[in-house]
Amino acid sequence: MSAVQDYEAVIGLEVHCQLTTAAKVFSPEAAVYGSEPNTQVDPVSLGHPGTLPVLNERAVEYTILMGLATNCSIRPRSQFARKHYFYPDLPKGYQISQYEDPICFGGWLDIDTDEGVRRIGITRIHIEEDAGKSIHDLDPSRTLLDYNRCGVPLIEIVSEPDIRTPAEASQYLQRIRQTVRYLGICDGNMEEGSLRCDANISIRPTGSTDFGTKTEVKNMNSFRNVERALEYEISRQEGILRQGDQVVQETLLWDAEAMVTRSMRSKEEAHDYRYFPDPDLVPMVVTQETLETLRDRLPEMPEQRRARLVGELGLPAYDAAVLTEERPMADYFDDVVAALIETGAGVAEEIAKPVSNVLMTDVLRTLKERNLTVSEFPIDARRMAGLIVLRIDDRISSTGATTLYETMLENPKDAESLARELDLVQVSDEAALLPLVKTVIEKNPGQVDQYLAGKTGLLGFFIGQVMRQFSGAADPKVVRALLQRELAGMDEDGNA
C-alpha cells in the first residue's frame with residue numbers, strides 16, 4: 001500500500017476453483033487438463049438444441065465439503081440459474097450458475113497477519129460451469145477457440161470485503177488453495193488455470209465506513225501477481241482521487257510484463273447478466289443425512305493439525321507449519337510417528353521431534369532436488385521409522401544415519417539390514433571395545449602423560465584413534481566412557 005496512510009483499501013476476492021471430477025458438471029464428457037483442443041466436447045456443453053443437463057453428484061459433494069471446511073452454512077434447497085452474456089468461447093450464450101440461493105453461504109477463514117489473526121468472511125460458495133478458452137497468440141489475424149473447458153465444474157468462492165492489504169489478499173488466497181488441496185477437490189494450479197482469482201478493490205479515507213467506487217482486476221495467475229496487481233491498483237486509485245477526479249467502475253486486466261492494469265470493459269452489475277432460474281434443472285436438495293455423511297468425510301484440516309502437533313506432540317510452531325503445509329507430508333509425518341510407536345521407540349511426544357528433524361531436512365531436500373511428490377518418495381513410512389529408531393537408540397551415528405538414508409533412497413531393503421551390510425551399526429559391547437582402548441593407550445604414552453597432567457582435551461584424540469582402528473562402527477559414547485575409566489585408573493607415570 002502507498003506510504004501515505006490517509007486512504008485504506010477495501011478488497012474482496014472471487015476465487016474460481018476447478019473441481020477434480022472425472023466428468024463435466026452437466027454431462028459425462030471428460031474434464032482433463034492438457035488435451036488436444038476441441039477433443040473433450042459434447043452436445044450438452046456446446047449447447048446443442050434438444051440436449052438437457054444432468055447434474056454431476058460428485059461436484060455437489062465437493063462443493064459441500066468446501067463449504068463445511070470454511071465454516072459455511074449449507075442451504076437445504078438451492079436453485080441453478082442462467083447467467084446470460086456473450087463470449088465467443090461460451091457457445092450456449094449463457095452460463096449455468098447460481099444466483100439468489102447459493103448452496104454454501106455465511107462462512108469464514110482465518111489468516112495470520114503481522115497484527116495477529118484476521119477473520120475473512122465468505123459471502124457464498126456456489127457451483128457453476130466453466131467457459132471455453134480464447135487463444136490470441138497462435139495466429140496473427142485470428143482468435144482460436146478451444147471448447148474443451150466448456151462445462152468443466154467450478155466453484156466460485158466470494159469473500160466479504162474484509163481484506164485491507166495486498167499481503168492479506170495473498171495470504172487468504174493461499175489458505176483457499178491449501179484448503180481445496182487438503183480436501184482433494186482441486187489441484188490448485190494457478191498457472192494451468194484450475195485456481196483463478198479476480199479482485200474487487202476500492203479505496204476510501206481511513207476511518208470511513210462508506211465504500212468507494214470499485215474496480216475488478218482479472219488475469220492474476222500467481223500469489224505474487226495478486227499482490228503486485230493490488231498494489232498497483234491501490235496506487236492508481238489514490239492518484240486519481242488526489243487529483244480530484246473520480247474512479248471509474250470497470251473491469252481491468254493485469255499486465256504482468258508491464259506491471260500495470262489495463263481497461264477491459266465497463267463493470268457489469270447483476271442485472272446485466274439477466275439471471276433467471278434454469279428451467280432444465282430441478283432444485284438441488286441436500287438432506288441432513290447427506291450433510292452428516294460429508295461432514296464425517298472431512299479430513300483433519302491444516303489449522304487443526306498444527307494445533308495438535310504443537311499442543312499434543314510439543315513440536316515448535318515452525319515445524320508444525322512446515323509439516324502441515326501440504327496434506328501428503330502431514331500424513332507421512334503421522335504415519336512415521338505411528339510406525340515408530342509400534343516399534344516401541346517411545347510415546348508420540350518423545351519421537352515427534354526426531355521425526356520432524358529428518359523430514360524437514362533430508363526428506364524435503366530430496367523432494368526438491370529430485371522434483372518428487374511425497375507419494376513418489378522411495379522410502380515409505382515404515383522403512384523411515386526403521387532408520388530413525390536406529391538413530392534414537394544410538395545404534396548408528398549421525399554420519400552413519402546420513403549414509404544409510406542416501407542408500408535407502410536407491411535400495412528397497414529395510415534400514416536394519418542395510419545398516420548391517422554397510423557396517424554402520426555401532427558396537428557398544430565393552431568386552432569387544434576394551435582391548436582396543438587399552439592398545440591405543442599403550443601406543444600413545446606421550447599423549448597419556450599430557451592428559452594426566454591436565455590436558456583433558458586430548459580425550460578426543462584417543463576416541464578418534466579407537467574409532468579409526470576399530471573394524472566397524474564403535475559406539476563413541478561407550479568408547480569415551482571406557483577411555484575415561486582406564487585413564488582415571490593410571491598414576492602420573494602412566495602405570496595402571
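Side chains included, hydrogens not; waters and symmetry mates left out as well; all remaining heavy atoms used.
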**Request:** Indicate the atoms forming the closest heavy-atom contact of Ala345 with Ile351, along with that distance.
**Result:** O-CG2, 4.1 Å
Just distance, no hydrogens or angles: give the donor-acceptor pairs under 3.5 Å from side chains in residues 289-296, sequence neighbours left out.
unit_1	atom_1	unit_2	atom_2	d
Thr290	OG1	Thr287	OG1	2.9
Glu292	OE2	Gln288	NE2	2.9
Thr293	OG1	Glu289	O	2.9

**Asked** Do you know which two heavy atoms are closest between Ala401 and Leu387, and how far apart they sit?
**Response** O-CD1, 4.3 Å
**Arg305/Asp331 ion pair, N-O < 4.0 Å** = yes
**Asked** Between Thr261 (side chain) and Trp254 (backbone), is there a donor-acceptor pair under 3.5 Å?
**Response** no
**Message:** Test of understanding: with side chain to side chain contact (heavy atoms under 4.5 Å, CB included), list the residues that count as partners of Asp162, not counting sequence neighbours.
**Reply:** Ile120, Glu160
**Item:** Worked verdict on Phe333 versus Leu309 for side chain to side chain contact (heavy atoms under 4.5 Å, CB included)
**Value:** CA-CA 10 Å; Phe333 169 82; Leu309 266 55; 3.9 Å; yes
**Asked** What distance separates Asp319 CG from Thr324 OG1, expressed to the nearest 0.5 Å?
**Response** 10.5 Å
**Item:** Listed partners of Thr361 passing side chain to side chain donor-acceptor pair (under 3.5 Å), at least two apart
**Value:** none
**Asked** Got a sec, which pairs hit side-chain hydrogen bond (donor to acceptor under 3.5 Å, both in side chains) with one end in residues 379-390, sequence neighbours left out?
**Response** Glu342-Arg382
**Request:** List the atom of Ser356, the atom of Leu323, and the distance in Å for their closest heavy-atom pair.
**Result:** OG-CD1, 3.7 Å
**Approximate separation, where rounding is to 0.5 Å, of Met301 CE and Tyr182 OH** = 8.0 Å
**Item:** salt bridge (Lys or Arg N to Asp or Glu O under 4.0 Å) pairs, two or more places apart, involving residues 123-132
**Value:** Lys92-Glu129, Asp130-Arg149, Asp130-Arg196
**Fill in**
Value for CD (Glu376) from OG1 (Thr366), rounded to nearest 0.5 Å, stands at 13.0 Å
**Request:** Please name the pair of heavy atoms, one in Leu452 and one in Leu487, separated by the smallest distance, quoted to 0.1 Å.
**Result:** CD2-O, 3.5 Å
**Request:** Look at the side chain of Asp255 and the backbone N and O of Val260, then say whether any donor-acceptor pair between them is shorter than 3.5 Å.
**Result:** no
**Exam field: side chain Arg164 to backbone Pro161, donor-acceptor pair closer than 3.5 Å** = yes
**Message:** Given 3.5 Å as the limit, does a donor-acceptor pair link the side chain of Asn71 with the main chain of Trp108, or not?
**Reply:** yes
**Fill in**
Minimal heavy-atom distance between Ile176 and Met66, with the atoms involved, is CD1-CE, 4.1 Å
**Asked** Do Tyr147 and Gln40 have side-chain heavy atoms sitting under 4.5 Å apart?
**Response** no
**Test log, rule side chain to side chain contact (heavy atoms under 4.5 Å, CB included), inputs Val152 and Leu19** = CA-CA 8 Å; Val152 166; Leu19 301 178; over 6 Å; no
**Request:** Flag the pair Val25 / Thr21 as yes when at least one side-chain heavy-atom distance between them is below 4.5 Å, and no otherwise.
**Result:** no
**Request:** Verify, without hydrogens or angle tests, whether Glu350 (side chain) and Val347 (backbone) share a donor-acceptor contact under 3.5 angstrom.
**Result:** yes
**Request:** Check side chain to side chain donor-acceptor pair (under 3.5 Å) between Gln304 and all other residues, then give those that pass, not counting sequence neighbours.
**Result:** none
**Summary of salt bridge (Lys or Arg N to Asp or Glu O under 4.0 Å) pairs that have at least one residue in residues 357-370, sequence neighbours excluded** = Asp362-Arg365, Arg365-Glu369, Arg365-Glu406, Arg370-Glu410
**Request:** Measure the spacing between CG of Leu55 and CD1 of Ile127 and express it to the nearest 0.5 Å.
**Result:** 6.0 Å
**Item:** Partners passing ring pair (Phe, Tyr, Trp, His ring centres under 6.0 Å) against Phe26 (at least two apart in sequence or in another chain)
**Value:** Phe80
**Fill in**
The salt bridge (charged side-chain N to carboxylate O under 4.0 Å, His left out) partners of Arg75 (sequence neighbours excluded) come to none
**Asked** Is the closest side-chain donor-acceptor distance between Glu14 and Asn200 under 3.5 Å?
**Response** yes
**Asked** Ser235 side chain to Glu231 main-chain N or O, any donor-acceptor pair under 3.5 Å?
**Response** no
**Request:** Check whether any side-chain N or O of Thr402 sits under 3.5 Å from a backbone N or O of Ser398 as a donor-acceptor pair, and report yes or no.
**Result:** yes
**Asked** When you measure from the side chain of Asp146 to the backbone N and O of Lys133, does any donor-acceptor pair fall under 3.5 Å?
**Response** no
**Asked** Any idea how Phe377 and Tyr332 line up, ring-wise: parallel (<30°), tilted (30 to 60°), or perpendicular (>60°)?
**Response** perpendicular
**Asked** Considering residues at least two apart in sequence or located in another chain, which fulfil the side chain to side chain donor-acceptor pair (under 3.5 Å) criterion with Asp187?
**Response** Ser194
**Sequence-distant partners of Thr39, side chain to side chain donor-acceptor pair (under 3.5 Å), two or more places apart** = none
**Message:** To the closest 0.5 Å, what do you measure between CD (Gln174) and CG (Leu195)?
**Reply:** 11.0 Å
**Fill in**
dist Thr373:OG1 -> Met329:CE (nearest 0.5 Å) comes out at 10.0 Å
**Message:** Which heavy atom of Ala320 sits nearest to which heavy atom of Val310, and what is that distance?
**Reply:** CB-CG2, 3.7 Å
**Request:** Check each of Arg118, Arg306, Arg119, Arg175 against Asp110 using the salt bridge (Lys or Arg N to Asp or Glu O under 4.0 Å) test, and report the only one that passes.
**Result:** Arg119
**Item:** More than 12 heavy atoms from other groups under 6.0 Å of CD on Glu36
**Value:** no
**Message:** Checking the side chain of Ser170 only, and the main-chain atoms of Ala167 only, is there a donor and an acceptor separated by less than 3.5 Å?
**Reply:** no
**Item:** Under the salt bridge (charged side-chain N to carboxylate O under 4.0 Å, His left out) test, residues paired with Lys455 that sit two or more places apart
**Value:** none
**Request:** For Met190 and Leu173, run side chain to side chain contact (heavy atoms under 4.5 Å, CB included): C-alpha distance rounded to whole Å, both residues' side-chain angles, the deciding distance at 0.1 Å, then the answer.
**Result:** CA-CA 11 Å; Met190 294 187 73; Leu173 186 58; 3.8 Å; yes
**Request:** Answer yes or no: does atom CZ of Arg58 have more than 12 heavy-atom neighbours from other residues, nucleotides or ligands under 6.0 Å?
**Result:** no
